Colleague: 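Pasting a structure below so you can have a look.
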Amino acid sequence: MHIYYNPGNHTFHLCNRDISYIMTVLPNGQMGQLYFGRRIHHKDDFSYLLETRLRPMSASVFDDSSLFSMEHIRQEYGLYGTTDFRHPAVEILQENGSRISDFVYREHEIADGKPPLDGLPATYTESPQEAKTLLLHLEDPLTHIRLTLLYTIFAWGGILTRSARLTNHGAHSVQLTRAMSLCLDLPDCDWEWLQFSGAWSRERYPKLRPLEQGITAVDSLRGHSSHHQNPFLVLKRHTADETQGEVIGCSLVYSGNFLAQAQVDTYDTTRILLGIHPAGFSWKLEPGASFQTPEAVMVHSVCGLGGMSRTFHTLYRERLARGFWRDRERPILINNWEATYFDFTQDRLLDIAKAAKDCGVELFVLDDGWFGKRDNERRGLGDWTPNPQRLAQGIAGLAERITALGLRFGLWFEPEMVNRDSDLFRAHPDWVIETPGRHSSHGRFQYVLDFSRAEVVDHIYDRMAKLLREADISYIKWDMNRSITECYSGALPADRQGEVFHRYILGVYSLYERLTAAFPHILFESCASGGGRFDPGLLYYAPQTWTSDDSDAVERLKIQYGTSFCYPVSSMGSHVSVVPNHQVNRITPLHTRANVAYFGTFGYELDPGSLTDEEKCAVKEQIAFMKQYRRLIQFGDFYRLASPFGRNTAAWMCVSGDRRTAVIGWYRILNGTNLPFERIRLQGLDPELPYEIWEDNTRRGGIYYGDELMHAGLITSDASAGQPLPGERPGCDFDSRIFVLQA
């Protein structure tokens with residue numbers, strides 16, 4: 001891991017064993033991009049990588065030469081209007097109405113480790129030897145605004161993090177109207193663009209298309225990262241697949257409005273922009289003030305999509321998630337929501353908890369409906385005091401009863417929202433986000449509290465902290481069930497209304513930071529109607545997220561498969577729910593519901609007292625299996641083997657760090673008869689080790705070497721391939737199997 005600087009030609013080379021990132025000070029003082037990719041040898045002069053040429057219709061920077069035009073130069077932080085006509089990384093509205101800037105190199109710093117970003121989540125180091133950081137200080141000589149570009153290269157993996165900080169050293173206020181976290185200019189467009197799109201209950205489906213001249217983009221303007229798009233993009237070479245080929249992944253550590261964009265010009269160069277969405281955004285930067293962009297993480301892989309994913313998994317699991325639960329196996333929980341909805345009493349909850357405890361569950365979670373006058377979705381949000389009609393002994397009394405059973409106790413909150421029919425709204429109607437004189441739209445009969453206001457965040461913190469001090473609470477499910485409309489804050493002046501969306505997210509982060517600091521042993525799980533805010537920003541505070549409100553096993557194959565391209569298994573909340581499924585009305589076998597949910601944090605969303613004796617025995621076996629293998633599954637290396645998109649079968653696997661144990665999930669959507677023989681090629685094993693294969697607690701005969709299982713494959717043919725063999729389990733629709741390999 002090195003950051004080289006050549007003062008003779010002002011060239012910087014950031015490198016580790018896997019990647020090189022090279023840039024230089026251009027003849028006009030701005031920063032130019034020379035190379036990003038696989039590690040190359042260091043040398044003093046990379047100037048040949050900067051190409052200039054006289055082109056028709058190009059505007060020239062220098063009076064005495066027509067060769068140098070920013071239109072054809074790859075840049076570190078592109079600026080529109082000074083001979084570059086591409087979309088810029090930054091735009092600043094100045095006092096005289098101009099939006100032209102000229103950020104030229106002044107100085108730089110190289111530091112061991114990685115500095116935190118004030119008020120924002122970001123990856124981190126635990127020792128200075130883990131990373132090096134370059135801070136490039138640029139300045140506009142007219143406005144005296146300083147631009148600091150931050151680059152951190154880690155000692156391992158093809159990882160480079162990027163962000164920008166703007167500080168006004170001038171005499172006049174300005175308005176930032178665009179400040180991206182990442183600008184990456186690439187020399188060609190021979191890439192395929194992979195995005196992760198969907199909607200409620202079908203989040204993060206991979207969508208692939210080739211880059212073409214023009215704009216390719218995904219974004220969110222909903223006030224949160226959204227179910228619809230994810231702040232994550234992948235560029236892959238056309239020949240790249242799961243196991244080989246060049247791939248670049250770009251991920252934004254942020255939970256609000258975002259833009260991820262690729263612009264290909266007519267000379268086939270590609271500009272990647274990633275950061276806060278400029279639509280509706282502005283930030284008044286007064287003299288002496290600074291603005292810090294969120295962090296963007298770039299991962300380069302020559303080991304295909306799988307190699308990229310495992311790099312993101314390790315980084316986000318070990319150096320983005322924090323705290324007590326970061327490295328700990330997650331407790332197996334039961335949530336009462338689909339068992340009771342709003343219709344529960346304390347006795348009913350205790351009955352569910354007792355039955356769950358008998359099956360081996362470790363954590364009971366009380367969902368919505370425990371507070372205020374909350375007996376439906378139209379009332380009570382914001383009133384975080386227990387409902388005595390339902391819980392005569394309050395949350396503290398219920399928690400005491402639950403913990404006396406030998407279970408941990410968890411609680412649901414939706415702290416960012418309020419119903420009009422609530423004591424909080426009646427006391428503070430001005431605390432909601434709404435535009436004066438305009439109609440206020442609702443979502444699920446609720447309104448968004450103005451978290452850009454410190455007094456609102458303080459109030460919610462006080463109410464939540466009071467409950468957490470009074471009761472023995474081990475887990476919080478933090479929900480958020482609507483997007484922001486009519487965005488306006490009554491606490492900000494007119495020239496700061498463009499700050500509301502970002503200040504709102506900063507308020508959410510502030511509340512998370514205060515609660516996790518005050519109650520470090522509580523496990524936080526983020527949720528936004530399921531997967532509406534599944535992003536790296538929240539993984540910094542809550543190491544797991546409810547992946548989707550859709551708990552159907554077949555749908556979850558797609559959702560969890562897509563999510564895995566960026567996010568680790570330990571971050572995915574996954575439950576076994578009731579059938580017919582409450583989202584799609586499908587009936588799937590109990591074993592398949594568990595076999596999908598194993599590859600996540602694992603829990604149940606049902607009433608175990610309503611199960612048959614046979615089903616209860618199956619649940620006990622499922623929980624015992626998960627307890628035995630959850631460390632491997634949640635913290636091992638994850639490999640996608642077969643996609644559920646456009647196929648009837650899917651498969652994935654987790655491998656232990658020492659490669660001696662592996663757990664494989666195999667899934668078939670619809671059954672058939674007289675089907676072809678089937679096998680799947682495994683990944684990540686030690687080719688020299690012999691393995692035993694276990695299925696349903698039964699050992700297959702024979703010993704199989706790692707290279708054999710990876711190249712010849714694991715046979716998955718079953719009764720559907722012909723006449724069933726004696727004692728063979730018949731196949732069914734929505735079938736699945738779990739294989740365990742042990743060296």
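Since this is a predicted model, take the numbers as computed values, not measurements.
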Colleague: Under the rule for ring pair (Phe, Tyr, Trp, His ring centres under 6.0 Å), what residues qualify as partners of Y461, not counting sequence neighbours?
Modeller: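 By the ring pair (Phe, Tyr, Trp, His ring centres under 6.0 Å) rule, Y461 matches no residue at all.
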Colleague: Is there a donor-acceptor contact under 3.5 Å from the side chain of E139 to the main chain of L147?
Modeller: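 No; judged by distance alone, with no hydrogens or angles, the pair does not exist.
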Colleague: Do the charged groups of E95 and K284 touch, with an N to O distance under 4.0 Å?
Modeller: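 Here E95 does not pair with K284 in a salt bridge, since their nearest N and O are not under 4.0 Å apart.
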Colleague: Check for a donor-acceptor pair, side chain of D535 on one end and backbone N or O of L538 on the other, with a separation under 3.5 Å.
Modeller: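 At least one qualifying donor-acceptor pair exists.
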Colleague: Run the side chain to side chain contact (heavy atoms under 4.5 Å, CB included) check on W325 and Q544 step by step: do they pass?
Modeller: CA-CA 10 Å; W325 285 101; Q544 61 191 57; over 6 Å; no
Colleague: Side chain of T435, backbone of R438: donor and acceptor closer than 3.5 Å?
Modeller: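 Side chain of T435 to backbone of R438, a donor-acceptor pair under 3.5 Å: no, none is there.
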Colleague: How about S474 and R408: does a side-chain donor come under 3.5 Å of a side-chain acceptor?
Modeller: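 No.
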Colleague: Aromatic rings W337 and Y341: how do their planes relate, parallel, tilted or perpendicular, breaks at 30° and 60°?
Modeller: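 Judged by the thresholds at 30° and 60°, the geometry between W337 and Y341 is perpendicular.
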Colleague: Between D430 and R453, does at least one N-O distance fall below 4.0 Å, as a salt bridge requires?
Modeller: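 Counted as a salt bridge, because a side-chain N and a carboxylate O are separated by less than 4.0 Å.
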Colleague: Atom NZ of K373 and atom CG of L381: how far apart are they, to the nearest 0.5 Å?
Modeller: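 One gets 15.0 Å once the value is rounded to the nearest 0.5 Å.
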Colleague: Among side-chain atoms of E486 and S440, is any donor-acceptor pair under 3.5 angstrom?
Modeller: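 On atom types as modelled, these side chains do not qualify, holding no pair under 3.5 Å.
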Colleague: Should the heavy atoms of other residues, nucleotides or ligands under 6.0 Å from CG of D118 be counted, would the total exceed 12?
Modeller: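 Not more than 12 within 6.0 Å, no.
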Colleague: Contact between M480 and H224 at the side-chain level, heavy atoms closer than 4.5 Å - yes or no?
Modeller: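 Yes, side chains in contact.
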Colleague: Determine the interplanar angle of the F281 and H502 rings, folded into 0 to 90°, and report it as parallel if under 30°, tilted if 30 to 60°, perpendicular if over 60°.
Modeller: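 The arrangement is perpendicular - the two ring planes meet at more than 60°.
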Colleague: Checking N168 against E286: is there a side-chain donor and acceptor pair closer than 3.5 Å?
Modeller: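 Per modelled atom types, E286 and N168 side chains form no pair under 3.5 Å.
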Colleague: Given the ring of F196, does R204 sit roughly above its face, with NZ or CZ under 6.0 Å from the centre of the six-membered ring and within 45° of the axis?
Modeller: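 Cation-pi check for R204 and F196: fails.
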Colleague: Decide, yes or no, whether a salt bridge links R319 with E130 under the criterion of side-chain N to carboxylate O below 4.0 Å.
Modeller: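 A salt bridge links R319 with E130.
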Colleague: Tell me yes or no: between the side chains of D367 and N336, is some donor less than 3.5 Å from an acceptor?
Modeller: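 There is no such pair (donor and acceptor under 3.5 Å, judged by atom type) between the side chains of D367 and N336.
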Colleague: With a 6.0 Å cut-off (strictly less than), is the heavy-atom count around CZ of R514, excluding the residue itself, greater than 12?
Modeller: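 Yes, because the 6.0 Å sphere around CZ of R514 holds more than 12 heavy atoms from other groups.
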Colleague: Using the side chain to side chain contact (heavy atoms under 4.5 Å, CB included) rule, take R496 and R503 through it: C-alpha gap first, then chi angles, then the decisive distance, then the call.
Modeller: CA-CA 10 Å; R496 288 192 176 274; R503 287 188 180 274; 3.7 Å; yes
Colleague: Side chain to side chain contact (heavy atoms under 4.5 Å, CB included) for L14 and Y151? Distances and angles first, verdict last.
Modeller: CA-CA 9 Å; L14 294 75; Y151 303 78; 3.7 Å; yes
Colleague: Considering all heavy atoms of both residues, which atom of A122 and which atom of Y540 are nearest to each other, and what is their separation?
Modeller: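 Closest heavy-atom pair between A122 and Y540: O-CE1, 3.2 Å.
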Colleague: Would you call R533-E525 a salt bridge at under 4.0 Å N-O?
Modeller: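 Salt bridge: no.
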Colleague: Main chain of W478, side chain of W412: is a donor-acceptor contact present, judged purely on distance under 3.5 Å?
Modeller: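 Not confirmed, W412 side chain does not pair with W478 backbone.
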Colleague: May I have the list of side-chain donor-acceptor pairs in residues 504-512 shorter than 3.5 Å, sequence neighbours left out?
Modeller:
from: Y504; atom 1: OH; to: E416; atom 2: OE1; distance (Å): 2.5
from: Y509; atom 1: OH; to: S255; atom 2: N; distance (Å): 2.9
from: Y509; atom 1: OH; to: S255; atom 2: OG; distance (Å): 2.8

Colleague: Can a donor-acceptor pair be found, under 3.5 Å and without considering hydrogens, that links the side chain of S571 to the backbone of Y567?
Modeller: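 Judged by distance alone, no pair lies under 3.5 Å.
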Colleague: Considering all heavy atoms of both residues, which atom of T133 and which atom of K114 are nearest to each other, and what is their separation?
Modeller: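 The pair with the smallest heavy-atom distance is OG1-CA, 3.5 Å.
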Colleague: Going by ring pair (Phe, Tyr, Trp, His ring centres under 6.0 Å), name the residues that satisfy it together with Y124, two or more places apart in sequence or in a different chain.
Modeller: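 Y124 satisfies ring pair (Phe, Tyr, Trp, His ring centres under 6.0 Å) with no residue once adjacent residues are dropped.
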Colleague: Does any donor atom in the side chain of Q292 or S163 lie under 3.5 Å from an acceptor atom in the other side chain?
Modeller: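 Present: a donor and an acceptor within the cut-off.
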Colleague: Using distance alone, with no hydrogens and no angle criterion, decide if T385 and D383 have a side-chain donor and acceptor under 3.5 Å apart.
Modeller: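 Their side chains do not contain a donor-acceptor pair, so the 3.5 Å distance test is not met.
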Colleague: For the side chain of S251 and the backbone of V297, is there at least one donor-acceptor N/O pair under 3.5 Å apart?
Modeller: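 Checked: no pair found.
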Colleague: Would E605 and S551 count as having a side-chain donor-acceptor pair, cut-off 3.5 Å?
Modeller: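 No, because no side-chain N or O of E605 sits under 3.5 Å from a partner of the opposite role on S551.
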Colleague: Could you verify whether a donor N or O on one side chain and an acceptor N or O on the other, from E295 and S181, lie under 3.5 Å apart?
Modeller: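 Per modelled atom types, E295 and S181 side chains form no pair under 3.5 Å.
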Colleague: In a check of side chain to side chain contact (heavy atoms under 4.5 Å, CB included) between M298 and each of T161, L182, I159, L274, which one passes?
Modeller: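 Exactly one pass, corresponding to L182.
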Colleague: Would you kindly say whether T545 and S526 are connected by a side-chain donor-acceptor distance under 3.5 Å?
Modeller: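 The answer is yes; a qualifying pair exists.
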Colleague: Over 60° means perpendicular and under 30° means parallel, so tell me whether W156 and F154 are parallel, tilted or perpendicular.
Modeller: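 If you compare the ring of W156 with that of F154, the planes turn out perpendicular.
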Colleague: Evaluate S452 against D450 for side-chain hydrogen bond (donor to acceptor under 3.5 Å, both in side chains), listing each step before the verdict.
Modeller: CA-CA 5 Å; S452 73; D450 186 357; 2.5 Å; yes
Colleague: If we count only N and O atoms by modelled type, under 3.5 Å, do the side chains of S225 and R222 hold a donor and an acceptor together?
Modeller: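 S225 vs R222: no donor-acceptor pair found between side chains.
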Colleague: With a 4.5 Å limit on heavy-atom distance, are the side chains of R146 and H169 in contact?
Modeller: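 Yes - at least one pair of side-chain heavy atoms lies under 4.5 Å apart.
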Colleague: Looking only at the aromatic ring of each residue, does the gap between the centers of H277 and F258 stay below 6.0 angstrom?
Modeller: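 Here the rings of H277 and F258 have centres that are no less than 6.0 Å from each other.
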Colleague: Test H228 against W200 for side chain to side chain contact (heavy atoms under 4.5 Å, CB included), laying out the working first.
Modeller: CA-CA 7 Å; H228 302 78; W200 176 83; over 6 Å; no
Colleague: Using a 3.5 Å distance criterion without hydrogens, assess whether the side chain of H313 forms a donor-acceptor pair with backbone atoms of S564.
Modeller: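 A pair under 3.5 Å: yes.
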Colleague: Test your reading of the model: is there a side-chain donor-acceptor pair from R374 to the backbone of W370, 3.5 Å cut-off?
Modeller: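 Checking the backbone N and O of W370 against the side chain of R374, no donor-acceptor pair under 3.5 Å is found.
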Colleague: Checking D479 side chain against E414 main chain: does a donor-acceptor pair fall under 3.5 Å?
Modeller: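 Checking the backbone N and O of E414 against the side chain of D479, no donor-acceptor pair under 3.5 Å is found.
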Colleague: Donor-acceptor pair, E470 side chain versus A396 backbone, under 3.5 Å?
Modeller: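 Not confirmed, E470 side chain does not pair with A396 backbone.
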Colleague: Any side-chain donor-acceptor pair under 3.5 Å between S197 and Q195?
Modeller: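 Their side chains do contain a donor-acceptor pair, which is all the 3.5 Å distance test asks for.
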Colleague: Tell me every residue that passes salt bridge (Lys or Arg N to Asp or Glu O under 4.0 Å) with R379, counting only those two or more places apart in sequence or in another chain.
Modeller: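 With sequence neighbours excluded, R379 shows a salt bridge (Lys or Arg N to Asp or Glu O under 4.0 Å) to D375, D421, given in chain and number order.
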Colleague: Once the angle between the rings of W546 and H575 is folded into 0 to 90°, is it parallel (under 30°), tilted (30 to 60°) or perpendicular (over 60°)?
Modeller: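 Answer is tilted, since the angle falls between 30° and 60°.
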Colleague: Please report the C-alpha distance between D549 and S201 in whole Å, then the side-chain angles of each, then the deciding distance to 0.1 Å, and finally whether the side-chain hydrogen bond (donor to acceptor under 3.5 Å, both in side chains) criterion is met.
Modeller: CA-CA 6 Å; D549 275 346; S201 82; over 6 Å; no
Colleague: Any chance the side chains of R165 and S290 put a donor and an acceptor closer than 3.5 Å?
Modeller: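 Note: R165 and S290 side chains miss the donor-acceptor criterion.
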Colleague: Would you call the rings of F312 and Y316 parallel, tilted or perpendicular if under 30° counts as parallel and over 60° as perpendicular?
Modeller: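 Taking Y316 first and then F312, their aromatic rings sit tilted (interplane angle of 30° to 60°).
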Colleague: Checking H137 now: which residues fulfil ring pair (Phe, Tyr, Trp, His ring centres under 6.0 Å) with it, not counting sequence neighbours?
Modeller: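 Ring pair (Phe, Tyr, Trp, His ring centres under 6.0 Å) list for H137, sorted by chain: empty.
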Colleague: In Å, rounded to the nearest 0.5 Å, how long is the span from CG of L136 to CZ of F103?
Modeller: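 Spacing of CG (L136) from CZ (F103) equals 13.5 Å.
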Colleague: State plainly whether the residues E76 and R162 are in salt-bridge range, i.e. N to O under 4.0 Å.
Modeller: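 Here E76 pairs with R162 in a salt bridge, since their nearest N and O are under 4.0 Å apart.
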Colleague: Which residues pass the salt bridge (Lys or Arg N to Asp or Glu O under 4.0 Å) test with R330, not counting sequence neighbours?
Modeller: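 Salt bridge (Lys or Arg N to Asp or Glu O under 4.0 Å) list for R330, sorted by chain: empty.
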Colleague: For the residue pair H87 / Q261, report whether a side-chain donor-acceptor contact shorter than 3.5 Å exists.
Modeller: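 Yes, H87 and Q261 have a side-chain donor paired with an acceptor closer than 3.5 Å.
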